[in-house]
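As structure tokens, the structure follows; a few thoughts come after it.
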Amino acid sequence: MSTSQETPLEHSLDSLLRPKTWDDYIGQEKVKKNLDVLISAAKQRGQMPEHILLYGPAGLGKTTLAYIIGSILGVPIQTASGPMIERVGDIASLASTLENGGVLFIDEIHRLKKNIEESLYPIMESGTVSVMLGKGPAAQSVTFDLPPIVIIAATTQAGKLSTPLRTRFSGGTLKLAPYSDGEIAQILKRSAAVLETSPPDDEAVREIAKRSRNTPRIANYLLKRVRDYAQVHEKDISADIVKQALTERDIDAYGLTNEDRSVLETINTVFNGGPVGIKALATTLSEDPETIEEVYEPFLIQVGFLDRTPRGRSITKKGVSYLRSVR
Ligand code: ADP
């Protein structure tokens, strides 16, 4: 379900589907209300809002919020990803491209290197950045003023942020919650209209929503795959077509994939049901521990198939009966 192998066309479809206004941004009412007050107040004072931290699982709409905030403020946005920022100078140069100010969006901020994190503090507090010029005894620290920027950072793991960094998001930490089936259905109907596909009937929308893991990005991904399938088979999008299309892709009625099932199967058979530490599990599955923690685990816990305890991960009774039912 990764989007990393998508073609440029898929990316342009994704930017087409990305809501550009509050009205199109479905759900997350509390987050929207809080952001609206923060942004409107700052706008009335002719200032940038204070820095904001958005927290929640992947695909829930954090990047989309950053773009909407930029557009309400009427300022440009620069984006960066925590692990891609190599040097202090990278942040300074990103911020400097926002000549008259703007939004600096930093995704996956929990993966920022420690020295880069520390260099972010003066940027967040006083809008200045210090860089070392020269080498050895002649090296000098020079401080620059940056254009007025608001840093909007996103993380899937707020617990991994150090306290000094977390507390510098003085505009607040806003947590995004999973979407209800009804909200996902609204998102799917809007997306079908944007894609100009034949409108799926209510039952078909419900079947896609059920498999979406309550996540808009996954709902849109499934809709695009169902649309392809319906088109190739010259059919309208009905509940049956949804089931056929997604079963062919090994996505079951819970929205679980082969990868999710391998996680459960490995804990169940290799580790006798657990508990097993994340590193041992990752090695056995040849996966990155972060992928297990961020991609597979949250939903397996949400549906009650996996337990996370201080001693490690265990499969639940419900998880064992699920595996029996799909064997
Ligand atoms: P994140 O940054 O949290 O990983 P994104 O903001 O990239 O998630 O959202 C993924 C996609 O899901 C967006 O491109 C958009 O099409 C859709 N999406 C996310 N949130 C919403 C929402 N509240 N309403 C409608 N569509 C949404």
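Remember, it's a predicted structure, so these values are computed and weren't measured experimentally. Residues take their numbers from the sequence shown, with the count starting at 1. All ligand and atom numbering here is 1-based and tracks the order in the structure.
- Only the side chain of Ile187 comes within contact range of ligand 1, with a heavy atom under 4.0 Å; no backbone atom does.
- Ionic pairing of Lys224 and Asp14 is present here: one or more N-O contacts between side-chain nitrogen and carboxylate oxygen are shorter than 4.0 angstrom.
- The closest protein non-hydrogen atom to atom 9 (O) of ligand 1 is Thr64 OG1, 3.6 Å.
- Of all non-hydrogen atoms in Pro178 and Gln302, the two that sit nearest each other are CG-OE1, 4.2 Å.
- Here the shortest heavy-atom pairing between Ala92 and Leu146 reads O-CD2, 4.0 Å.
- From the protein, the heavy atom lying nearest to atom 16 (O) of ligand 1 is Asn220 ND2, 3.2 Å.
- The closest approach between a heavy atom of Ala154 and any atom of ligand 1 is not below 4.0 Å.
- Residue contacts with ligand 1, taken as heavy atom pairs separated by less than 4.0 Å, involve Asp24 solely via the backbone atoms N, CA, C and O.
- A salt bridge does not link Arg249 to Asp228: none of the charged nitrogens lies less than 4.0 Å from a carboxylate oxygen.
- The ligand atoms of ligand 1 that sit less than 4.0 angstrom from a heavy atom of Ala58 are 4 (O).
- The closest protein non-hydrogen atom to atom 2 (O) of ligand 1 is Thr63 OG1, 2.5 Å.
- For ligand 1, the atoms lying closer than 4.0 Å to a non-hydrogen atom of Leu17 are 16 (O).
- In this structure, atom 8 (O) of ligand 1 lies nearest to the protein heavy atom Gly61 N, 3.1 Å.
- Closest of all the heavy-atom pairs between Ala239 and Ala204 is N-CB, 3.6 Å.
- Considering every non-hydrogen atom in both Leu165 and Phe169, the closest pair reads O-CD1, 3.4 Å.
- Here the protein heavy atom with the shortest distance to atom 4 (O) of ligand 1 is Gly59 N, 2.7 Å.
- Nearest to atom 7 (O) of ligand 1 among the protein's heavy atoms is Arg217 NH2, 3.0 Å.
- Any N or O atom pair closer than 3.5 Å counts here, and Ile26 shares at least one such pair with ligand 1.
- Among protein heavy atoms, atom 26 (N) of ligand 1 sits closest to Pro19 CG, 3.4 Å.
- Below 3.5 Å of separation, one finds an N or O of Tyr179 facing an N or O of ligand 1.
- Between Gly101 and Met48, the closest heavy-atom pair is C-CE, 3.9 Å.
- Using a 4.0 Å cut-off between heavy atoms, Pro216 contacts ligand 1 through both its backbone and its side chain.
- Under the salt bridge (charged side-chain N to carboxylate O under 4.0 Å, His left out) test applied with Asp252, the options Arg261, Lys243, Arg211 reduce to a single match, Arg261.
- A salt bridge links Glu290 with Lys160: at least one charged nitrogen is closer than 4.0 Å to a carboxylate oxygen.
- Not one N or O of Gln28 is nearer than 3.5 Å to an N or O of ligand 1, by distance alone.
- One N or O on the side chain of Arg190 and one on the backbone of Leu17 form a donor-acceptor pair closer than 3.5 Å.
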